[in-house]
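What follows is one structure encoded as structure tokens, with my remarks underneath.
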There are 2 protein chains.
Amino acid sequence: MTRRNDRPSIESVAAAAGVSPTTVSHALSGKRAVSAATRKRVMEAVEQQNYRPNMVARGLRSRRTQSVALLLVDIANPYYPALARAIHDVLAGEGYVSFIGNTDGDAATERRLLEEMVARGVDGVVMQPMALSAAQVREVVGPAMPLVITTDEYGDIPADSVLTDDTRGLGEAVDHLVRQGIRELGFVDGAPGTSTDAFRLQAFRAAVTAAGIEVPDRWIEHSPFDREGGAAATARLLAGPDRPRAVLCANDLIAIGAVQAAHAAGLRVPEDVAIVGFDDIETAALVSPRLTTVVNPAAAVGDACARTILWRVENGPDVPRKRTVLPTRLVVRQSA
Amino acid sequence: MTRRNDRPSIESVAAAAGVSPTTVSHALSGKRAVSAATRKRVMEAVEQQNYRPNMVARGLRSRRTQSVALLLVDIANPYYPALARAIHDVLAGEGYVSFIGNTDGDAATERRLLEEMVARGVDGVVMQPMALSAAQVREVVGPAMPLVITTDEYGDIPADSVLTDDTRGLGEAVDHLVRQGIRELGFVDGAPGTSTDAFRLQAFRAAVTAAGIEVPDRWIEHSPFDREGGAAATARLLAGPDRPRAVLCANDLIAIGAVQAAHAAGLRVPEDVAIVGFDDIETAALVSPRLTTVVNPAAAVGDACARTILWRVENGPDVPRKRTVLPTRLVVRQSA
DNA sequence: AACCGGACGCAAAACGTTTTGTATCCGCAA
DNA sequence: TTGCGGATACAAAACGTTTTGCGTCCGGTT
């Protein structure tokens, strides 16, 4: 009596090939030598029964699940899909499979999702922590878990990281504006308390300082990372009697809102106020005026994350930490 | 000597609580009665050791992994993130975790990813098959696997399904055009051979027939589901001496390309040629002219997929199949 | 007093692999 | 001839749970 609705097991393959399960395992994994003739018989049995090893059993015994967790703030945010896609592609190429989770930048959710992933025995975690510090993340995943994070922090980060050099692209943007004689710059940052935002604002400050420009605090606004927020924040920025001649934004959605706010205020873009975005999501090239923006190389970031996690899985926790920083650059279109 | 770097096991919890592992399991799962006093001791031990059950061991024994696979064509396509997000949200609320995979609409990839997921013991699969038929998908996942698919087929589908009533929204679009006296309609369909495309074209034909309109074959074009393809296909459509007065598109990216092609041909939108999209991705409301389009309720689809898969997991393979069809509707903006 | 059934807890098997220790065989060198 | 080492294969343990079959205890009924 065969078990109903069941996939072939290593045992059934072994029986068909006239060998022990051990030998099948070795024939498939190559961990120990198996004679060519035996291997051939095994492979035929595998083929004929269409055997695929049960990965959960394998995972239990070998402590490798061939899976990694991808924990993003919000997959629906237009920046992430390209990143997720790139990660998925290189992982899939190596036989890994991806879990995905949306944290919403909430500490409790970040923690819960991390625990859920650890409990499932993922081989590694790629995460964009917002509420938790890298150290806190490290604590919940344990000291040996391969971990790459995409947000920067001061000091030593107990994980591998892949980052973007936001200051560089923002510097190009500031230069671009200055060359047009524009020195009155505003900035609409993301919501405070998130970690990206602090660093993007900091990058702006660095870029601006490098250009020898002073930006008054009243020209720095905060907004959620979406269009509505960007419109509202920009409206505030433009309401005062001395308004900036250009506003740089922490992401493209905010920038698109900024353009709308400028239009609503009867201002022309870029003639009256120049707007520059950040990320270069697909929409940026499609809105009107087409958005001048700093390109954040999402696919390259994803690619680097995936390669880094695989490298760490391969090499274990003791090899020194890797920190990858990818350049950003300005793409000039119409809005500035 | 404790094992190095190891999480607490059910055994260590049992020891701390002074009971057997069996009792801990029952205390946690509630499968058998445990006295209040014992349960309390167990819970305290769990708390104190911060015990989380190893899901891969649990999965091996119980054959439930609390995970589902989400197999989409391409997460980077702007329509999918909202869908993925909705699915993720309801699943996460029930303690499930999501695998994600991009099939690219390729038969071999669809098959490989499905097998990979099955091997990992997912509790269910939500998939948008493009190259494989539902029957083929069913065959690789086995007869008992909960399966919901989001593409329609003729005849009986061996899976639960959640679909959109594309004909309805397209009908609204046709009516909208007819009311403006426009009866010369073109259609830019997706790439032939994919399953969505066939059904969207069919929906267009149904809508058009219902309105008593005849559409000549030369006004029907095919294109990949992206902007470049849409522009090229529309250029072909508008090149002839008798061009349609309106072109409906199989998705918004194609429609955005169509607008560009119209502009490139020196035509005004919508005065010379009206353009209507499909999906209502976020970009649709941001391009210029703002796109009139059929809204495809991605979040609602995702929500329904997730609820359906959970329902099926709950109820087993024997309860009758469920088929959910969600309405689509026209949103009128500027392009038509 | 004997019986019964429910509540409670434990031991052992099972899930499907990988891993490790060991046995056998064979050829070749001493 | 003996001894030895490599090649090959197998048996058994292990991974960390859930599940199942029993046993014991207890209170209430006959």
Side-chain angles (χ1 to χ4, degrees), chain A residues 2-43 45-46 49-67 118-123 142, chain B residues 1-42 45-46 49-67 118-123 142:
Chain A
T2 68
R3 281 158 293 162
R4 80 164 183 68
N5 182 30
D6 245 352
R7 314 180 60 215
S9 69
I10 200 173
E11 195 157 351
S12 66
V13 170
V19 298
S20 74
T22 307
T23 302
V24 174
S25 177
H26 287 143
L28 290 175
S29 72
K31 293 231 172 196
R32 281 200 189 172
V34 164
S35 70
T38 304
R39 188 198 330 280
K40 179 155 172 290
R41 281 207 323 267
V42 168
M43 291 309 185
V46 163
Q49 301 192 13
N50 193 27
Y51 169 71
R52 305 263 171 256
N54 178 325
M55 296 300 280
V56 2
R58 167 180 295 183
L60 175 59
R61 176 63 235 232
S62 69
R63 296 165 159 292
R64 300 285 240 77
T65 53
Q66 302 270 106
S67 67
V118 172
R120 280 172 173 83
V122 294
D123 294 338
Chain B
M1 189 85 166
T2 68
R3 281 157 296 163
R4 78 166 184 68
N5 180 28
D6 245 355
R7 316 180 60 213
S9 69
I10 200 172
E11 196 157 350
S12 66
V13 170
V19 298
S20 73
T22 307
T23 303
V24 174
S25 178
H26 287 143
L28 290 175
S29 71
K31 292 229 171 196
R32 280 199 190 172
V34 164
S35 72
T38 304
R39 186 194 335 276
K40 179 155 171 292
R41 282 207 320 272
V42 169
V46 164
Q49 303 193 10
N50 192 30
Y51 168 71
R52 307 261 172 256
N54 177 324
M55 296 300 279
V56 1
R58 168 181 294 185
L60 176 57
R61 177 62 235 230
S62 69
R63 295 161 161 292
R64 300 284 241 80
T65 53
Q66 302 272 106
S67 68
V118 171
R120 279 169 174 86
V122 295
D123 294 339

Between [X] and [Y], is any pair of side-chain heavy atoms under 4.5 Å apart?
{"X": "A:Tyr51", "Y": "A:Leu28", "result": "yes"}
{"X": "A:Gln49", "Y": "A:Ser12", "result": "yes"}
{"X": "A:Asn50", "Y": "A:Arg52", "result": "yes"}

So if I take every side-chain heavy atom of [X] and compare against [options], which nucleotide ends up nearest?
{"X": "B:Ser20", "options": "C:dC8, D:dC10, C:dC10", "answer": "C:dC10"}
{"X": "A:Leu60", "options": "C:dT17, C:dG16, D:dT17", "answer": "C:dG16"}
{"X": "A:Ile10", "options": "C:dT17, C:dT20, D:dG16", "answer": "C:dT17"}
{"X": "B:Arg61", "options": "D:dT17, C:dG16, C:dC10", "answer": "D:dT17"}
{"X": "A:Ser9", "options": "C:dT17, D:dT18, D:dG16", "answer": "C:dT17"}

Ignoring backbone atoms, test whether [X] places a side-chain nitrogen or oxygen under 4.0 Å from the OP1 or OP2 oxygen of [N].
{"X": "B:Arg39", "N": "C:dC8", "result": "no"}
{"X": "A:Lys31", "N": "C:dT18", "result": "no"}
{"X": "B:Tyr51", "N": "D:dT17", "result": "yes"}
{"X": "A:Ser25", "N": "C:dT18", "result": "yes"}
{"X": "A:Ser35", "N": "D:dA9", "result": "yes"}

Test for a donor-acceptor pair under 3.5 Å between the base of [N] and the side chain of [X], counting only N and O atoms.
{"X": "B:Thr22", "N": "C:dA11", "answer": "yes"}
{"X": "A:Arg32", "N": "D:dG6", "answer": "no"}
{"X": "A:Arg58", "N": "C:dT17", "answer": "no"}

How far apart are the C-alpha atoms of B:Ile10 and B:Ser25, what are their side-chain angles, what is the distance that settles it, and do they pass the side-chain contact (heavy atoms from CB on, under 4.5 Å) test?
CA-CA 8 Å; B:Ile10 200 172; B:Ser25 178; 3.9 Å; yes
